[in-house]
Amino acid sequence: MEYRDYPYQSVLGPYIRDYIAEKRALGFIYNGKAYQMYRFDQYWLSEGFDDVFITREKVSKWICAFPNESKSSQEGRINAVKSIAIYLSLHGKPCYIPIETVGSDHPVIHLMDRSELHQFFMAVDSYTPHTINQADYRMADEYPIMFRLYYCCGMRNDEVCSLKIADVDFKEGIVSIRGGKNQKDRLVYLPEDLRVLISAYYATLKAHLGFDPVWLFPGRIPSKHIPKTSIDRKFREFWNKTESSSHCDRTPTPHSLRHGFVVDRLNSWILSGIDINVMFVYLSRYLGHNDPDESFYYYHLVNDAYRILRQKDTVSADVIPEVRRR
């Protein structure tokens, strides 16, 4: 992954650059925090502050939520100030360190049901580009594999897009995720049918390009991987071809397929009588989460999950009266 650098222009600029350089020397990418610090640098500049001493009064406007801002964005801005304030304090410039915390948003994700999934993958698998660009035809072979990695393996969008050939064991069906979210490495195991499918795709890809590429899913320029934004756009294109898209009140995203993987896996364990309290630890590691609570958020009480929980529940009927669901 490439580092993103920003033109820090305020008096805080040299300290921010040194701080980020130290973090990157330790192996952190620090692109997201670098951007938030750039925003803070611009705030410091626009307010006309000409010293590096951060005080509560100076950051009072910064730590408040901006109009229409999400909690996660506000939390990111506050954390950026905390980081640079601690750094300055350690270098002999005492600063106010914000203690405010706002948590993060948990947007409601639309989980695609069986019918919607069937319609979606029909649209993906039958896709033919309306173009004369040979790269578009090559990439049309990528989409069925990529979207199945989201749904069948619970991989993140950016993890799939930036997957390297060297990180895929086609014989054993093991994918190595390196430097994932929170800088976590992990292994993802492919279902056998997907292993066969991805192996056949790779052979076709090599034949089309005439050489062994670095990326499993090259973009229009084979030396670069397909960008995440392109997959977001193609997902919407395929979804809009489905019948369900005309009456769905919330548009799904590629991340919805990852959520679907979690829900389907948990439903399967519940139906099989497997203790999900035990399995949640393994599932959390498989997904690259810090703790099981992050994984549990993925398990929404959608209709199918509600039915399965009620089917296996032998206690609540005795203590909670039946309530008609609209």
Side-chain angles (χ1 to χ4, degrees), residues 109-168 170 173 175-177 180 188-246 248 250-262 264:
I109 300 293
H110 175 74
L111 288 173
M112 301 160 71
D113 61 27
R114 292 293 179 183
S115 174
E116 292 171 337
L117 285 167
H118 177 73
Q119 295 173 39
F120 175 78
F121 280 105
M122 284 288 290
V124 174
D125 294 343
S126 61
Y127 171 66
T128 301
H130 299 291
T131 176
I132 61 173
N133 190 331
Q134 290 302 308
D136 290 331
Y137 285 89
R138 168 176 55 79
M139 293 167 67
D141 293 332
E142 299 180 7
Y143 304 136
I145 307 297
M146 298 182 76
F147 289 121
R148 281 173 171 82
L149 285 172
Y150 303 139
Y151 179 66
C152 298
C153 300
M155 293 177 64
R156 297 183 177 93
N157 194 354
D158 55 343
E159 293 172 346
V160 173
C161 289
S162 60
L163 197 58
K164 292 183 176 181
I165 298 291
D167 291 332
V168 181
F170 295 95
V175 176
S176 299
I177 305 298
V188 171
Y189 298 87
L190 301 174
E192 177 59 18
D193 53 354
L194 183 53
R195 185 197 67 81
V196 173
L197 194 64
I198 201 171
S199 297
Y201 155 77
Y202 176 49
T204 302
L205 175 65
K206 286 195 298 181
H208 182 98
L209 293 175
F211 61 87
D212 287 337
V214 173
W215 308 104
L216 184 60
F217 303 111
R220 281 190 171 84
I221 301 174
S223 61
K224 298 181 179 181
H225 66 72
I226 189 169
K228 176 180 176 295
T229 51
S230 293
I231 292 303
D232 290 331
R233 185 171 61 252
K234 294 305 294 187
F235 182 94
R236 290 192 297 270
E237 178 183 328
F238 294 136
W239 170 251
N240 289 335
K241 290 181 178 180
T242 68
E243 179 185 350
S244 299
S245 65
S246 62
C248 182
R250 182 176 291 107
T251 302
T253 67
H255 205 64
S256 299
L257 296 175
R258 175 172 156 93
H259 278 243
F261 165 80
V262 176
D264 285 352

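Fair warning: this is a prediction, and the values are worked out from it, not measured in the lab.
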Exercise for the section: For the pair W215 (side chain) and S223 (backbone), establish whether a donor and an acceptor sit closer than 3.5 Å, ignoring hydrogens and angles. Expected result: yes
Handout entry: Plane angle bin for Y151 and F121 - parallel if under 30°, tilted between 30 and 60°, otherwise perpendicular
Key = tilted
Completion exercise
With sequence neighbours left out, the residues meeting side-chain contact (heavy atoms from CB on, under 4.5 Å) with C153 are L149, M155, V188, L190, P191, L194, Y286
Exercise for the section: Would you check if the side chain of R138 reaches a backbone N or O of P218 as a donor-acceptor pair within less than 3.5 Å? Expected result: yes
Handout entry: V160 side chain reached by L216 side chain, heavy atoms, under 4.5 Å
Key = no
Problem - Flag side-chain contact, heavy atom, 4.5 Å: K206 against P213 - result: yes
Exercise for the section: Would you indicate whether the side-chain heavy atoms of E237 and R233 approach each other to under 4.5 Å? Expected result: no
Practice task
Considering non-hydrogen atoms only, spot the tightest contact between H225 and C161 and give its length.
Solution key: CB-O, 3.1 Å
Handout entry: Parallel, tilted or perpendicular: ring planes of Y143 versus F147, cut at 30 and 60 degrees
Key = tilted
Problem - Beyond-backbone contact of D212 with I165, side-chain heavy atoms, under 4.5 angstrom - result: no
Problem - R148 CZ to I198 CD1 distance, which is reported to the nearest 0.5 Å - result: 11.5 Å
Handout entry: Expected output: side-chain Y137 to main-chain T131 donor-acceptor under 3.5 Å
Key = yes
Problem - From NE2 (H110) to OG (S244), nearest 0.5 Å - result: 7.5 Å
Exercise for the section: For E243 and Q119, indicate whether the former's side chain and the latter's backbone hold a donor-acceptor pair under 3.5 Å. Expected result: no
Exercise for the section: Could you tell me whether the side chain of R156 reaches within less than 4.5 Å of the side chain of I177, counting heavy atoms only? Expected result: no
Problem - Distance in Å, E116 CD paired with D113 CG, rounded so as to fall on 0.5 Å steps - result: 4.0 Å
Practice task
Output the distance between atom CD1 (I226) and atom CE (M139), rounded to the nearest 0.5 Å.
Solution key: 3.5 Å
Handout entry: Heavy-atom side-chain contact between N157 and H255 under 4.5 Å
Key = no
Exercise for the section: If the plane angle is over 60° it's perpendicular, under 30° parallel, otherwise tilted; pick one for F120 and F238. Expected result: perpendicular
Completion exercise
Those residues at least two apart in sequence (or on a different chain) that pass ring-ring contact (aromatic ring centres under 6.0 Å, His included) with Y201 are F217
Problem - Distance (rounded to the nearest 0.5 Å) between T253 OG1 and D232 CG - result: 7.5 Å
Exercise for the section: Locate the shortest heavy-atom distance separating L163 from S176; write the atom from each residue and the value. Expected result: CD1-O, 4.2 Å
Exercise for the section: Might you confirm whether atom NZ of K241 has over 12 heavy atoms from other residues, nucleotides or ligands at distances under 6.0 Å? Expected result: yes
Handout entry: pair V168-Y202: side-chain heavy atoms closer than 4.5 Å
Key = no
Exercise for the section: Report the residues that fulfil side-chain contact (heavy atoms from CB on, under 4.5 Å) with E192, sequence neighbours left out, ordered by chain and then residue number. Expected result: R195, V196
Exercise for the section: Mind listing the closest non-hydrogen atom pair of P252 and F235 along with its distance? Expected result: O-CE2, 3.2 Å
Completion exercise
Taken to the nearest 0.5 Å, the spacing of R258 CZ from E159 CD works out to 6.5 Å
